[in-house]
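Reading through the structure tokens given below for one structure.
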Amino acid sequence: MDIRHTPKGRRALSAVAIATGLLLTVAGCGGGDDNKSGSSASSSPAKDNGGGGNKGSESASPSSQEALAEVKGGNLTLKVTSATRDDGGFVTVEGTVTNGGAKSWVAADWRGDERELAGNGGSIAGASLIDPTGKKKYLILRDTEGRCLCTRFTGGLQPGETTDWFAQFPAPPPATTKVNFQVGSMPPASVEISEGE
């Protein structure tokens with residue numbers, strides 16, 4: 001009789017251990033957003049889901065900010081308006097992208113080549129931060145389901161439109177204050193990291 005109960009007890013103990021591990025993983029992923037005190041991590045995903053009607057009002061605030069860097073590639077203009085180091089151990093980079101071409105743009109080459117990021121569709125998931133001093137490359141952060149902590153360009157970007165974007169990365173060492181932001185075939189944008197509040 002003890003032999004029959006031992007596997008059940010082991011199964012129950014394994015289930016509790018797995019559930020605890022999953023709970024800690026989810027709590028760890030959610031904790032970074034709480035440290036942002038309601039800034040881009042909580043507000044930026046809403047930008048992506050807002051649809052076409054909200055694009056004008058949302059892009060007004062970053063567009064009015066002075067750009068840290070601006071690069072052009074083909075018909076696209078990418079501006080970086082902030083790169084902020086947060087207490088949670090990550091850097092949030094924000095900006096705008098403008099489609100100056102005559103066709104809709106869907107960000108296909110911005111989503112990255114990693115298999116884990118394949119489900120991110122037209123997004124900025126392939127972006128990276130390069131620390132030229134430390135000679136390290138930082139890839140975009142992901143949640144537990146492999147989705148990037150970044151903007152998805154749902155429906156693409158129509159000709160003449162400008163929209164906001166954000167991307168979160170692991171933070172380089174505190175001594176690193178300048179990094180290069182790179183995405184797709186766009187030229188690298190050199191930006192200075194500021195400290196979060």
Side-chain angles (χ1 to χ4, degrees), residues 29-52 54-73 76-100 105 107 109-112 117 120-131 137-143 147-157 161-172 174 176-184 186-197:
C29 288
D33 290 342
D34 292 339
N35 290 334
K36 290 188 56 57
S37 303
S39 60
S40 68
S42 59
S43 62
S44 293
K47 293 177 188 175
D48 194 33
N49 297 331
N54 293 334
K55 284 185 181 175
S57 61
E58 289 172 1
S59 59
S61 89
S63 297
S64 62
Q65 293 179 358
E66 185 177 327
L68 298 176
E70 179 176 322
V71 293
K72 295 186 180 190
L76 296 177
T77 302
L78 175 96
K79 287 185 183 179
V80 178
T81 55
S82 71
T84 308
R85 185 188 306 270
D86 294 296
D87 291 338
F90 54 90
V91 170
T92 301
V93 183
E94 296 179 287
T96 62
V97 61
T98 302
N99 180 2
W105 173 75
D109 66 333
W110 283 23
R111 67 178 175 214
L117 294 173
N120 285 287
S123 69
I124 199 165
S128 61
L129 287 183
I130 311 272
D131 174 1
K137 180 178 185 178
Y138 297 89
L139 301 178
I140 208 149
L141 291 171
R142 305 171 194 129
D143 66 14
R147 291 182 299 234
C148 73
L149 299 181
C150 68
T151 297
R152 287 179 161 190
F153 301 103
T154 307
L157 192 60
E161 281 189 332
T162 298
T163 194
D164 302 336
W165 59 266
F166 83 99
Q168 291 183 325
F169 302 89
T176 301
T177 56
K178 281 200 168 184
V179 290
N180 293 326
F181 176 82
Q182 174 74 53
V183 63
M186 300 294 284
S190 179
V191 296
E192 190 165 343
I193 299 175
S194 63
E195 299 296 323
E197 297 176 4

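Here the structure is a predicted model, which means the values were calculated and not measured.
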Which atom names give the shortest non-hydrogen contact between [X] and [Y], and what distance separates them?
X: Val91; Y: Ala83; result: CG1-C, 4.4 Å
X: Glu70; Y: Lys79; result: OE1-CE, 3.0 Å
X: Arg85; Y: Ala171; result: NH1-CB, 3.8 Å
X: Leu139; Y: Ser128; result: CD2-CB, 4.2 Å

>> Set out, in order, the CA-CA distance, both residues' side-chain angles and the distance that settles side-chain contact (heavy atoms from CB on, under 4.5 Å) for Leu78 and Phe181, then state yes or no.
In response: CA-CA 11 Å; Leu78 175 96; Phe181 176 82; 3.9 Å; yes
Could you tell me the separation between the [atom1] atom of [X] and the [atom2] atom of [Y], rounded to the nearest 0.5 Å?
X: Leu157; Y: Thr163; atom1: CG; atom2: OG1; value: 6.5 Å
X: Ile140; Y: Cys150; atom1: CD1; atom2: SG; value: 4.0 Å
X: Tyr138; Y: Thr176; atom1: OH; atom2: OG1; value: 6.0 Å
X: Glu195; Y: Asp86; atom1: CD; atom2: CG; value: 9.5 Å

> Does some side-chain heavy atom of Ser194 sit less than 4.5 Å from a side-chain heavy atom of Leu68?
Replying inline: no
>> Run the side-chain contact (heavy atoms from CB on, under 4.5 Å) test on Trp110 and Val97 for me, step by step, so that the C-alpha distance in whole Å, both residues' side-chain angles and the decisive distance to 0.1 Å come before the verdict.
In response: CA-CA 12 Å; Trp110 283 23; Val97 61; 3.7 Å; yes
> For Leu129 and Val93, what are the C-alpha separation, side-chain angles and deciding distance, and is it a side-chain contact (heavy atoms from CB on, under 4.5 Å)?
Replying inline: CA-CA 9 Å; Leu129 287 183; Val93 183; 4.1 Å; yes
> How about Trp105 and Phe153: are their ring centres within less than 6.0 Å of each other?
Replying inline: yes
Backbone N or O of [Y] within a donor-acceptor pair of the [X] side chain at under 3.5 Å?
X: Arg142; Y: Ala125; answer: no
X: Trp165; Y: Thr96; answer: yes
X: Asn180; Y: Pro188; answer: no
X: Thr151; Y: Phe166; answer: yes

>> Checking Glu94 against Ser82: is there a side-chain donor and acceptor pair closer than 3.5 Å?
In response: yes
>> Between Thr98 and Leu76, is the side-chain contact (heavy atoms from CB on, under 4.5 Å) condition met? List the steps.
In response: CA-CA 6 Å; Thr98 302; Leu76 296 177; over 6 Å; no
> Checking side-chain hydrogen bond (donor to acceptor under 3.5 Å, both in side chains) for the pair Glu192/Thr177: CA distance, chi angles, key distance, verdict?
Replying inline: CA-CA 6 Å; Glu192 190 165 343; Thr177 56; 5.2 Å; no
